[in-house]
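Here's the structure we're looking at; comments come further down.
Letters A, B, ... are given to chains in the order of the sequence lines, protein chains preceding strands, and every chain is numbered from 1. Computed from heavy atoms alone, side chains included, the values below leave out hydrogens, waters and symmetry copies.
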Amino acid sequence: MRLSLLRQYVFTRRAEALPVHVPPRRSVPIKATSRGIAEPMRASQLLISTLKETPSDAEVVSHQLMLRAGFIRRLTSGLYTWMPLGLRTLRKVERIVREEMDRSGAQEILMPAVQPAELWQESGRWEQYGPELLRVVDRHQRDYCVGPTHEEVVTDLARRELNSYKQLPANFYQIQTKFRDEIRPRFGVMRSREFIMKDAYSFHLGEASLKETYQVMYDTYVRIFTRLGLDFRPVIADNGSIGGEGSHEFHVLADSGEDAIAFSTGSDFAANIEKCAALPAPLDETPERAAATQEMTLVDTPNAKTIAALVEQHGLDIVKTVKTLIVKAAEGVEGGLIALMVRGDHELNEIKAEHLPQVAAPLTMASDEEVRAAVGAGFGSLGPVGLKMPIIIDRSVALMSDFGAGANIEGKHHFGLNWERDLPLPEIADIRNVVAGDPSPDGQGVIDIARGIEVGHIFQLGTKYSEAMNATVLDENGKAQPLSMGCYGIGVTRVVAAAIEQGNDKGGIVLPEAIAPFQVAIVPMNAHKSVRVSETAERIYQELTAAGYDVLLDDRDLRPGNKFADGELLGIPHRLVIGDRGLDNGEYEYKGRRDAEATMIPVDTLMEFLVERSTL
RNA sequence: CGGAGUAUAGCUCAGCUUGGUAGAGCGCUGCCUUCGGGAGGCAGAGGUCGUAGGUUCGAAUCCUGCUACUCCGACCA
């Protein structure tokens, strides 16, 4: 179509659609700063929908504050509108991600959000993925899904476009809306159904090249999260069925995080607790079982149904007690049940347990009735002695001596138990969560536990998709070889929530300068009366904007208290108050978002002062 | 999917037990006053009480179905 025709068409359509409403001309034109953010910048022209009260359905701080600050509004469960203020922050996150991805040599593309079922059938995930995959049917009754991830599409792209080893390695990324039909969306944008993700996919001939790019992406992620101003940690993750060492998660540290991560106080080691190996004993203890010193006794413990009660009522050291948990066994195990034992002060790691071949996946605890039918006693009286089912004990349980356990008789426990004397030593496995103080699996230092929000994940996929979808290139010998793949994700929308989860106080949001909706808020005092104030505020605003700062001029007709409160709630790092009082002394008032007190700064030092205080 | 709960004004909630025709605070509109930490006064707008049915002379209130949302659990890069 000729451009002139197109113009005419567009013009006509526009004229039809918008015949009446002509938006008022802005007094200052919209423009782009050096950061590329187009700015409405005058508060009176911006939708600043702040709430004084906390909406009742928001559970975590970041969600509460994002609603109160007018960053987001909920449409329905798991779906959110990004309001002007929130979008500014989101765009800044995207921008940093994009800049660093580009710097790493990755190429940006944009794939469709809606994907044909055929590709997913080819990879086998149409069946595997389950109800989290939102499936839709078009008018021709063809099946599609709304993409939760893009391995299939990108592998399809690669098999069409990549033919030769000479085109490799290649890394493609996009920043795009995904949809996962989460069973239970929660915490606002932290676990929503629709979200924005940066996902990258690299293609290689051979492992070495993959590992090289993987390392580049690891370094790129460190740069990204550092620039975002977040307290984060790369954490070893498990590759599951694919195997290998090639997976890291990036976690933002926050108490409300959904994941527990174990890290060493003596090295860089960090792992998701789900996957962190638990060594049998602390380093300063002998990893051998102490000799038996007590006789096995049968004790009446009618009121001791829990470990805590047992310890309380019978003076047992908690590390001399064991928990016996009965779960459904994998098919083929006689009786259908299996017992798992961990020390009284430890917790079963359900992921590890589920991976045991004898245990049914998903892990299912046996009901009280099932246990009574099989054992003759209920929860609280279970133990290994005479138990007629397979038993698997944790490594640390194997090292116990003189310990107490339920006797499989209602209201009775055995004390003074010893393996290989009173009962045979069962199969041993690592089935517990590591706890603070455990030795680090890398042999250096001890484990400490922190909570984290997973904001990034990098992964060496290998040839899983390329083989399933027949994506090959010719190598130097003219032979077709399957592509090795890596994939690298960052939850962009989740990053915003995580940043707020990490940065907040009574006043509201405290964002790093790199991603705050504005860097500087200018609050003129009494601007409607003092021409001097309003003109000065206007001038500073122009100067700072020209200098590349992202500035909000709060020209709203509100009382100062409202503006101060809003500025804090929004998390704007720098605040300048322009008032007659200060101007009489040749000063502006400055307050950093984290500062307890405001400081007066001489008018002519403003620029240097801001440069010094700015973290960008 | 299992368990629990909620649904009344834009937001936070009261009213429901014991049925009698709709309330508060905040927010919003106008006017006045005020202007350095979410001011004050006056006047207003705004609700088919989630929805469908039932009981009743009469239902926000009692009963039943449905829907939406929230929380706990199982699930999950």
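Comparing the same atom, C1', in B:A14 and in B:U8 gives a spacing of 10 Å after rounding to whole Å. Between the P atoms of B:C11 and B:C28, the separation comes to 14 Å (whole Å). Rounded to whole Å, the separation between the C1' atoms of B:A22 and B:U61 comes to 12 Å. Taking the P atom of each, B:G65 and B:A4 are spaced 14 Å apart, rounded to whole Å. Atom name P, nucleotides B:A45 and B:A52: the rounded distance is 27 Å, in whole Å.
Here the nucleotide nearest the side chain of A:Arg581, chosen from B:C13, B:G38, B:G36, is B:G36. Taking only side-chain atoms of A:Arg180, from C-beta outward, the nucleotide of B:C72, B:A77, B:G37 with the closest atom is B:A77.
Using a 4.0 Å heavy-atom cutoff across all strands shown, A:Thr149 reaches no nucleic acid atom at all. Here A:Arg73 lies out of heavy-atom contact (under 4.0 Å) with every strand. Residue A:Val523 is out of contact with every strand shown, counting any heavy-atom pair closer than 4.0 Å.
Classification of the A:His63-A:Tyr80 ring pair by plane angle, with boundaries at 30° and 60°, yields perpendicular. Using cut-offs of 30° and 60° for the angle between ring planes, the A:Tyr214 and A:Tyr488 rings count as tilted.
Side-chain atoms of A:Arg575 come within donor-acceptor range of the base of B:G37, with a qualifying N/O pair under 3.5 Å. For A:Asn562 against B:G37, no side-chain N or O and base N or O form a donor-acceptor pair under 3.5 Å. Looking at A:Arg74, its side chain has no donor and acceptor atom pair within 3.5 Å of the base of B:C69.
Salt-bridge formation is detected for the pair A:Arg191/A:Glu182: a Lys NZ or Arg NE/NH1/NH2 atom is positioned less than 4.0 Å from an Asp or Glu carboxylate oxygen. Using a cut-off of 4.0 Å between Lys/Arg side-chain N and Asp/Glu carboxylate O, A:Arg594 and A:Asp505 are scored as not salt-bridged. Of the charged side-chain nitrogens involved, at least one lies within less than 4.0 Å of a carboxylate oxygen, so that A:Asp181 and A:Arg193 count as a salt-bridged pair. Classification of A:Asp580 and A:Lys529 as a salt-bridged pair fails, no side-chain N sitting under 4.0 Å from a carboxylate O.
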Please list, pair by pair, any protein nitrogen or oxygen found under 3.5 Å from a nitrogen or oxygen in nucleotides 2-6 of chain B.
none

What protein N or O atoms touch nucleotides 31-34 of chain B N or O atoms at under 3.5 angstrom, if any, and at what distances?
| residue | atom | partner | partner atom | Å |
| --- | --- | --- | --- | --- |
| B:U34 | O2 | A:Arg559 | NH1 | 2.6 |

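The CG atom of A:Leu51 sits 13 Å away from the P atom of B:C13 (whole-angstrom rounding). The distance from atom CD of A:Glu249 to atom P of B:C76 is 13 Å, rounded to the nearest whole Å.
The distance from the SG atom of A:Cys276 to the NZ atom of A:Lys352 is 6.5 Å, given to the nearest 0.5 Å. How far CG of A:Leu552 is from CG of A:Leu85: 8.0 Å, rounded to the nearest 0.5 Å.
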Next on the checklist: Go through it in stages, so that I can follow the logic: the residues are A:Glu100 and A:Lys198, the test is side chain to side chain contact (heavy atoms under 4.5 Å, CB included), and I'd like the CA-CA distance, side-chain angles, deciding distance and then a yes or no.
Outcome noted: CA-CA 12 Å; A:Glu100 293 300 330; A:Lys198 185 286 298 176; over 6 Å; no
